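Here the structure is laid out as structure tokens; the discussion comes afterwards.
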Protein chains: 2
Amino acid sequence: MKHIAESTVRRLSDYLRFLEELEQQGTRTVSSGELAALGGTTSAQVRKDLSFFGSFGKRGLGYSVAALSKSLREILGLERQWRVAIVGAGKIGGALARYSGFHQRGFHVVHLFDAAGALVGTVIDGVTVKDERTLEATLAAEPVDIVLIAVPSDAAQAVVDRVVKTGVRAILNFAPVPVHVPSTVSLRSVNMALELEFLAYALVNHTR
Amino acid sequence: MKHIAESTVRRLSDYLRFLEELEQQGTRTVSSGELAALGGTTSAQVRKDLSFFGSFGKRGLGYSVAALSKSLREILGLERQWRVAIVGAGKIGGALARYSGFHQRGFHVVHLFDAAGALVGTVIDGVTVKDERTLEATLAAEPVDIVLIAVPSDAAQAVVDRVVKTGVRAILNFAPVPVHVPSTVSLRSVNMALELEFLAYALVNHTR
DNA sequence: TTTATCTTGTGAAATCGTTCACAAGCCTGC
DNA sequence: GCAGGCTTGTGAACGATTTCACAAGATAAA
């Protein structure tokens with residue numbers, strides 16, 4: 001399959017969320033225009049996004065809410081459960097461990113690591129915090145699919161390197177610093193300070 | 001000034017971080033190639049990004065670390081302090097309030113709101129949680145520049161609408177649902193579940 | 001002063017993503 | 001079964017962003 005734009009995949013996630021809402025409301029079919037309105041995009045965009053993966057609609061009718069949900073879940077890999085580890089159980093890591101939104105989508109936190117002795121052994125949301133030094137051994141014994149990095153900036157790259165060495169293929173970085181991974185590893189970064197800076201820029205330049 | 005791409009502004013934030021690191025290390029000048037290596041981009045990209053705002057380098061030499069830092073801080077609006085309010089003092093909101101990264105960059109949390117009676121009156125990181133019903137009155141008396149939304153999905157749009165009505169011009173949304181604002185308001189969204197879904201997609205499609 | 005080397009700044013080209021516009025398909029009502 | 005009204009799927013046009021490629025400016029050394 002040819003390469004799909006990141007923006008497309010993001011929008012698919014949005015569409016899925018809308019479809020699930022519609023499903024709950026008992027709506028049976030939906031048009032590209034309706035999905036577009038919910039997501040703040042255009043009907044052409046919706047159709048183009050979906051067209052990369054196949055034909056899901058019926059001309060004149062729209063899309064079956066149930067069928068399209070199912071297809072999107074398959075495409076996005078949400079039909080299986082994903083095992084997640086979090087490194088760093090401080091403010092951010094702790095909040096992530098307790099965040100229920102992950103669990104609802106099939107992402108299960110199975111390991112929590114921290115370097116601070118004080119936290120090791122405490123239980124957060126049912127998971128016991130392990131010593132960060134056991135990272136390699138723990139991941140070897142009980143592997144995970146995705147690792148979340150929630151350590152301080154200056155430790156981030158080193159932790160990422162260790163995680164990559166264990167063979168993990170997907171990393172979500174919350175440290176406010178860009179980290180580098182081999183091209184075989186998928187990396188996403190969430191940088192809240194960066195988002196604030198973008199808003200500051202927008203305010204200063206009253207761009208719209 | 002013509003429109004600057006969002007991606008450009010994001011990279012400028014990254015460059016600034018690198019420059020500050022270099023400054024601490026005592027480095028005086030840096031080339032576009034060196035900045036590019038740090039940020040995982042190309043030297044042409046760095047030069048093009050900067051060229052939108054002026055000429056900052058010396059041919060043959062590179063950029064003065066100190067001078068470029070200063071220019072970037074001006075461009076990004078980081079020379080002044082920004083007043084921030086957080087709506088929702090639960091897991092996410094609480095973690096955001098305690099997150100020190102904001103403060104370091106000149107973003108100061110001056111109000112914290114929550115709808116749950118149990119939290120109102122408690123103090124988080126020096127800020128007393130106020131009743132969400134006082135949002136309008138509080139923001140009228142002591143305005144802020146930016147509001148962070150950390151309420152549950154189903155309350156997000158309503159809170160955003162109220163915040164917009166008070167005249168706030170920049171909103172950072174952490175609720176895992178797209179919200180809509182008038183075009184006069186700058187909006188950014190951080191959706192952690194979405195990032196995980198993107199990684200799941202990448203794993204399933206072993207795209208690189 | 002001249003030469004060799006380095007690096008910027010920037011038009012032009014290439015690539016990537018979005019929007020347009022319309023033929024083709026499906027449904028309903030008559 | 002046909003007409004009318006919708007809506008999809010998709011090439012083509014467009015617009016935006018990134019990469020290329022090179023002239024021109026700066027430094028240092030001879």
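Each chain gets a letter, A, B and so on, in the order its sequence line appears, and its residues count up from 1. In what follows, every heavy atom counts, from backbone to side chain, and hydrogens, waters and symmetry copies are set aside. These numbers come from a predicted model, not from an experiment.
Counting only N and O atoms by type, the side chains of B:Asp125 and B:Tyr99 include no donor and acceptor under 3.5 Å apart. Side chains of A:Glu136 and A:Thr166: no donor on one and acceptor on the other come within 3.5 Å. Side chain to side chain, A:Glu195 and A:Asn191 fail the donor-acceptor criterion of an N or O pair below 3.5 Å.
A 6.0 Å sphere centred on CD of B:Gln24 holds no more than 12 heavy atoms belonging to other residues, nucleotides or ligands.
Ranked by how close their nearest DNA chain C nucleotide is to the 5' end, A:Arg47 and A:Ala5 are led by A:Ala5. Projected onto DNA chain C by closest heavy-atom contact, A:Thr41 and A:Leu61 fall at different nucleotides, the more 5' of which corresponds to A:Thr41.
Minimum atom distance to the side chain of B:Ser7 is reached by D:dT18, of the listed D:dT18, D:dT19, D:dT27. When the nucleotides D:dT18, D:dA24, D:dG11 are ranked by their closest atom to the side chain of A:Lys48, D:dG11 comes out on top.
For the pair B:Tyr63 OH and D:dA26 P, the computed distance is 14 Å after rounding to whole Å. Atom pair B:His3:NE2 and D:dT17:C1' shows a separation of 12 Å (rounding to whole Å applied). Taking atom CG of A:Asp49 as the reference point, atom C1' of D:dT8 lies 14 Å away to the nearest angstrom.
Looking at B:Val84, B:Leu119, B:Ile124 one by one, the single match for side chain to side chain contact (heavy atoms under 4.5 Å, CB included) with B:Leu112 turns out to be B:Ile124.
Contacts of A:Ala44 with the nucleic acid, taken as non-hydrogen atoms under 4.0 Å apart, include base atoms.
Across all non-hydrogen atoms, the minimal contact from A:Glu20 to A:Arg73 is OE2-NH1, 2.7 Å.
With a heavy-atom cut-off of 4.0 Å to chain B, the contacted part of DNA chain C has its first and last nucleotide at C:dC6 to C:dA12.
Remark: A:Ser43 is not in phosphate contact with D:dT8, judged by side-chain N or O atoms under 4.0 Å from OP1 or OP2.
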